[in-house]
Structure formats: structure tokens, C-alpha cells
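Everything below concerns the one structure shown next.
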Amino acid sequence: MTLGVIKNEAGYKKAMEEIENLIVLDPEPGSEEAEKLDLLSVLVEKYESERYTFDLPNPLEAIRFRMEEQNLRQKDLVPFIGGKSKVSEVLSGKRALTVSMIRALHEGLGIPLKVLVQDAPEKIEDSSEIEWEKFPVKEMVKRGWIEASAKEIKSKTQELIESFFKPLGGVGQTPVFCRRTLVERSGKKMDTYALWAWTAQVLIAASEMDLVPYKETTIDEGFLKRVAELSLSSTGPLDAQKHLTEHGIALVIEPHLPKTHLDGAAMIADSGNPVIGLTLRHDRIDNFWYNLIHELVHVWKHLKGTEEAFIDDLDSDSGRNPREREADRITGETLIPRSIWKRSDAFRQRTPDAITQLALQLKIHPSIVAGRIRHDTKNYYILSNMVGTGKVRELFKDVTWK
């Protein structure tokens with residue numbers, strides 16, 4: 001399309017379509033496509049700012065307008081609002097937008113902040129009732145998170161759950177914790193109560209670790225690369241856990257609960273320390289390192305407080321969520337820069353020798369290169385002997401694996 005000032009909705013729609021196409025291409029910084037993307041973004045922002053200068057719609061009207069304009073359904077808002085029930089409550093006016101929702105809707109759907117923040121309450125309260133019996137209490141008892149008899153599981157569910165959450169701030173912490181927005185990435189329906197229980201257990205485990213205060217300037221491209229280089233060691237995952245602890249970041253290994261399809265999560269504890277939880281659902285070396293770097297990117301780029309927790313099923317694609325797309329892009333560039341990948345023998349030949357050669361060049365484990373080939377080709381039957389299957393869980397001897 002010819003670049004110029006956007007004058008009407010037709011031009012705006014074409015610009016948005018072009019932006020979407022360019023984002024998918026993920027152009028190299030400084031390239032003609034990247035410059036075009038930047039210019040289109042400025043033009044769209046100018047058009048939107050002018051559109052909403054007078055007679056601002058209320059937040060719900062703006063969200064519904066975007067849904068109609070981009071042909072979105074309620075489920076498409078889950079990455080920005082945090083669950084089908086929350087989307088329904090927001091659109092019906094029963095739930096106010098939180099700061100994290102406002103930020104996600106602005107970044108993901110381009111709705112101006114001044115529209116979304118209208119009449120936002122200073123303190124958002126969640127009046128929805130907790131359905132205590134939906135927590136997976138039996139499984140929590142089985143894992144030793146809660147001590148209770150079969151009789152108590154049935155008769156004292158609420159008391160047991162409140163006691164479980166007590167280490168996070170007291171008996172009344174459960175409703176507070178459940179107001180946290182879970183930004184889910186999954187192609188399957190996740191059990192929200194199981195997710196709350198799992199993330200709470202990860203935070204409880206993190207609170208028992210000896211962590212130094214976290215500095216927000218800790219994570220950058222160099223830090224991510226140094227973490228990735230730890231993969232060369234046969235005890236790399238343990239080395240990474242120790243390295244992160246020394247920088248104020250907790251890495252907790254906790255198997256996922258049923259009905260969660262969960263690979264990993266990133267969140268901020270009340271102490272201000274980042275907490276990463278990994279389930280090792282797929283016991284492979286390549287999977288461990290991709291998951292870990294992905295969650296570290298969320299900590300670096302997307303987590304600004306305790307209001308959100310990123311919940312990732314990395315078997316699913318990033319969909320419309322721009323933050324997940326960014327995490328995927330940076331993770332890929334950290335492990336195997338695209339400029340090197342496309343020129344490598346491993347990309348062209350896919351032989352064990354070429355894979356090992358590229359891994360040595362990048363100072364990463366060969367399984368990561370093999371995993372990249374399997375992902376790019378969508379053929380998960382090849383190179384099975386090179387992705388380190390069964391080599392990660394065995395390192396975490398304190399974890400009980402089924």
C-alpha cells in the first residue's frame with residue numbers, strides 16, 4: 001500500500017492488515033520492511049489519537065468496536081484479559097479493568113490508554129465468590145502441599161485452602177491471590193483453580209529459597225545469552241537454577257497439575273523477586289532451555305508487578321498476543337540468531353555433524369539446534385536421539401515424578 005496520512009476507516013483497516021503481515025515476517029531491524037512497520041505504526045497511532053480526541057467511547061464500547069473491526073470473538077480476548085470467565089464479566093460490566101488488562105488491551109489491540117482508563121477505580125476489588133470445592137484438594141494432599149484426612153477433604157475444604165495460602169500473607173490471602181490476572185497461552189482449556197494452586201505452590205517454594213534482592217537491570221540480552229551457554233554442561237539446568245538464585249531470580253521445578261497442560265510460568269513475588277516455575281512436562285534438554293529463556297523474557301520485558309502471571313503451554317502458538325510473540329522472537333534470537341541460522345549447514349543439511357558444529361559455534365547444547373530443526377519442519381519424529389530426552393528430570397532429585 002502507498003504510505004501516507006490515514007484519512008478514513010478503509011485506510012486504517014488496510015494499514016492494520018499491513019502491520020499484521022509485517023509482524024508475521026518479523027523483519028530485521030534496519031531493513032526496509034522494519035522501517036515500513038515503524039512508519040505504519042506512527043500513522044495508525046496518529047489516526048487513533050485523532051479519532052478519540054472528542055466524545056471518547058467508554059472502555060467497553062472501545063473493546064466491542066475493536067472486536068467487530070478485527071472480527072474477534074470473546075475467546076480472542078483471553079490473552080489480554082486472562083480467562084473466558086473474566087472476559088465475559090468484563091464485557092458484561094460486572095468486572096472492572098485492572099491495570100494489567102488495560103496495558104495488555106492497549107499493547108495488543110491498540111486501544112488508546114485514555115479510553116481504557118476512564119473512570120477506572122483507584123483500587124479494584126474482586127467481589128466474585130471463590131468456589132472452594134473446585135480446588136484440586138485431593139491432588140494437593142497427595143503431593144504433600146496440604147495435610148488432611150479423607151474426611152477433612154470433604155468437610156473442611158475452605159479451611160484447608162486458606163491454610164495452604166497462609167504462607168503467602170495470611171488466611172485472607174486466598175481471595176487476594178485469586179485476583180491476580182493469569183495471562184494464559186494455551187490451545188486447550190486450563191483449569192483455573194488448578195493454576196491458582198500450582199502458582200501458589202511455586203511462590204511458596206520460592207519464598208523458602210535464599211534469594212538476594214533483585215535488580216531490574218539484571219536481565220538483558222547478554223544475561224540471557226550467558227544463561228543459554230550454561231546448557232553446554234551436563235548439569236546445565238542445575239547450574240542455571242544456581243546462577244539465577246545468585247541474581248535474585250527463583251527457578252522452581254514443580255510438575256503440572258491435571259487439566260493444566262502447563263510448561264512454565266513467570267511471576268513476581270510480593271518480595272519483588274521474579275519467580276519462574278517449570279513443570280518439565282516434556283523431559284527434554286531442548287525443551288528446558290527454550291522454556292527457561294522464554295519465561296526470563298517475560299520477566300525482563302512484560303512483568304511490572306504482582307498483578308499478572310504468565311502461564312505458558314508452549315505447544316500452542318502465540319496467537320494474537322504481542323507479548324507472547326515478542327517472548328518467542330527474543331528466545332529464538334538468544335538461542336540461535338536468525339542471521340546465523342539461515343546461513344548454517346545445520347539449516348540446510350540437518351545432519352548430526354552440522355548440528356554439533358553450529359552448537360559449538362553458538363556455545364549451546366546440540367539438542368537446542370536439533371529442537372529448532374524439529375520445530376521448523378514440524379517433524380517431531382526426526383533427530384529424536386539428539387534432543388536429550390529423559391535427561392532433565394533426573395537432575396532434580398528432590399522432585400517427585402509420576
Checklist entry - After noting the C-alpha distance and the side-chain angles of D191 and L257, does the key distance pass the side chain to side chain contact (heavy atoms under 4.5 Å, CB included) rule? => result CA-CA 9 Å; D191 184 329; L257 287 168; over 6 Å; no
Item to check | Check: L97 and V90 side chains under 4.5 Å, non-hydrogen atoms | outcome: yes
Next on the checklist: Between L91 and M67, does the side chain to side chain contact (heavy atoms under 4.5 Å, CB included) criterion hold? Intermediate values first, please.
Outcome noted: CA-CA 11 Å; L91 293 178; M67 290 176 69; 4.1 Å; yes
Item to check | From CA spacing to verdict: salt bridge (charged side-chain N to carboxylate O under 4.0 Å, His left out), E139, R143 | outcome: CA-CA 6 Å; E139 182 66 22; R143 296 192 181 198; 2.9 Å; yes
Next on the checklist: Donor-acceptor pair, distance only, cut-off 3.5 Å: does the side chain of N273 make one with the backbone of V212?
Outcome noted: yes
Item to check | Distance (rounded to the nearest 0.5 Å) between I153 CD1 and K142 NZ | outcome: 11.5 Å
Next on the checklist: Could you check whether any side-chain heavy atom of V297 comes within less than 4.5 Å of a side-chain heavy atom of L224, counting everything from C-beta outward?
Outcome noted: yes
Next on the checklist: Which residue is it: H282, H261, R185? I am looking for the one with a side-chain hydrogen bond (donor to acceptor under 3.5 Å, both in side chains) to D315.
Outcome noted: H282
Checklist entry - Applying ring-ring contact (aromatic ring centres under 6.0 Å, His included), which residue pairs with at least one partner in residues 284-313 are found, sequence neighbours left out? => result H294-H298, H298-H302, H298-F310, H302-F310
Item to check | Sequence neighbours excluded - side-chain hydrogen bond (donor to acceptor under 3.5 Å, both in side chains) pairs with any residue from residues 205-217 | outcome: none
Item to check | Euclidean distance, Q357 CD relative to T351 OG1, rounded to 0.5 Å | outcome: 8.5 Å
Checklist entry - Do L362 and L335 come close enough that some side-chain heavy atom pair is under 4.5 Å? => result no
Checklist entry - So, are D345 and R348 salt-bridged, with charged N and O less than 4.0 Å apart? => result yes
Item to check | Approximate separation, where rounding is to 0.5 Å, of K154 NZ and E133 CD | outcome: 14.0 Å
Next on the checklist: How close do A370 and V387 get, counting heavy atoms only, and between which atoms?
Outcome noted: CB-CG1, 4.0 Å
Next on the checklist: Using the side-chain hydrogen bond (donor to acceptor under 3.5 Å, both in side chains) criterion, which residues pair with E69? Sequence neighbours excluded.
Outcome noted: R66
Next on the checklist: Less than 4.5 Å apart, side chain to side chain, heavy atoms only: is that true for I81 and M101?
Outcome noted: yes
Next on the checklist: With a 3.5 Å distance limit and no angle check, can you tell me whether R393 reaches the backbone of T400 through a side-chain donor-acceptor pair?
Outcome noted: no
Checklist entry - Closest heavy-atom contact between A194 and T260? => result CB-CG2, 3.6 Å
Checklist entry - Can you name the closest pair of heavy atoms from A148 and V141 and give their distance? => result O-CG1, 3.8 Å
Checklist entry - Between S367 (side chain) and M386 (backbone), is there a donor-acceptor pair under 3.5 Å? => result no
Next on the checklist: If we ignore hydrogens and angles and just use 3.5 Å, is the side chain of T334 paired with the main-chain N or O of I330 as donor and acceptor?
Outcome noted: yes
Item to check | Gap between atom CG of L109 and atom CG of L116 - 0.5 Å precision | outcome: 9.0 Å
In residues 236-250, what donor-acceptor pairs under 3.5 Å come from side-chain atoms, sequence neighbours left out?
residue, atom, partner, partner atom, Å
D239, OD1, T235, OG1, 3.4
D239, OD2, S233, OG, 3.1
D239, OD2, T235, OG1, 3.2
Q241, NE2, L251, O, 2.8
K242, NZ, E246, OE2, 2.6
T245, OG1, Q241, O, 2.8
H247, ND1, H243, O, 2.9

Item to check | S316/D313 under side-chain hydrogen bond (donor to acceptor under 3.5 Å, both in side chains): CA gap, chis, key distance, verdict | outcome: CA-CA 6 Å; S316 304; D313 164 11; 3.2 Å; yes
Item to check | Of W198, W132, F135, the residue whose pairing with Y193 passes ring-ring contact (aromatic ring centres under 6.0 Å, His included) | outcome: F135
Item to check | Test item: Q349 side-chain N/O and A346 main-chain N/O as donor-acceptor pair under 3.5 Å | outcome: no
Checklist entry - Looking only at heavy atoms, which two atoms of R350 and L383 are closest? And how far apart? => result O-CD2, 4.2 Å
Checklist entry - Is the shortest side-chain N to carboxylate O distance from K189 to E184 below 4.0 Å? => result no
Checklist entry - Are the side chain of R281 and the backbone N or O of P255 linked by a donor-acceptor pair below 3.5 Å? => result no
Next on the checklist: A quick test of your reading: do over 12 heavy atoms of other residues, nucleotides or ligands sit less than 6.0 Å from NZ of K363?
Outcome noted: no
Next on the checklist: Looking at L262, is its backbone amide N or carbonyl O close enough to the side chain of T279 to form a donor-acceptor pair, meaning the two atoms are under 3.5 Å apart?
Outcome noted: yes
Checklist entry - Of the non-hydrogen atoms in R323 and A104, which two are nearest, and what is the gap between them? => result NH2-CB, 3.2 Å
Item to check | For R226, all residues meeting salt bridge (charged side-chain N to carboxylate O under 4.0 Å, His left out), sequence neighbours excluded | outcome: none
Item to check | Close side-chain approach of I293 to V227, heavy-atom, < 4.5 Å | outcome: yes
Item to check | Minimal non-hydrogen separation, D76 against N71, with atom names | outcome: OD2-O, 4.4 Å
Checklist entry - What residues form a side-chain hydrogen bond (donor to acceptor under 3.5 Å, both in side chains) with W401, not counting sequence neighbours? => result none
Next on the checklist: Using side chain to side chain contact (heavy atoms under 4.5 Å, CB included), reason through I373 and W341 one step at a time and then give a plain yes or no.
Outcome noted: CA-CA 10 Å; I373 292 172; W341 174 238; 3.4 Å; yes
Item to check | Residue pair V252 / M209, side-chain heavy-atom distance below 4.5 Å | outcome: yes
Next on the checklist: Quick check: do P322 and E326 have side-chain heavy atoms less than 4.5 Å from each other?
Outcome noted: no
Checklist entry - Do R325 side-chain atoms and N321 backbone N/O form a donor-acceptor pair below 3.5 Å? => result no
Checklist entry - Got a sec: does the CZ of R73 have more than 12 other heavy atoms crowding it under 6.0 Å? => result no
Checklist entry - Would you say D312 and N291 make side-chain contact, with heavy atoms under 4.5 Å? => result no
Checklist entry - Rounded to the nearest 0.5 Å, how far apart are NZ of K304 and NZ of K301? => result 8.0 Å
Item to check | Q158, CD: over 12 other non-hydrogen atoms inside 6.0 angstrom | outcome: yes
Checklist entry - Between CD1 of I364 and CD1 of I285, what distance do you get to the nearest 0.5 Å? => result 12.0 Å
Checklist entry - Between R374 (side chain) and Y380 (backbone), is there a donor-acceptor pair under 3.5 Å? => result yes
Next on the checklist: Atom NZ of residue position K225 - does it have more than 12 heavy atoms of other residues, nucleotides or ligands inside 6.0 Å?
Outcome noted: yes
Item to check | Full working for side chain to side chain contact (heavy atoms under 4.5 Å, CB included) between S231 and I368 | outcome: CA-CA 9 Å; S231 66; I368 298 172; 3.7 Å; yes
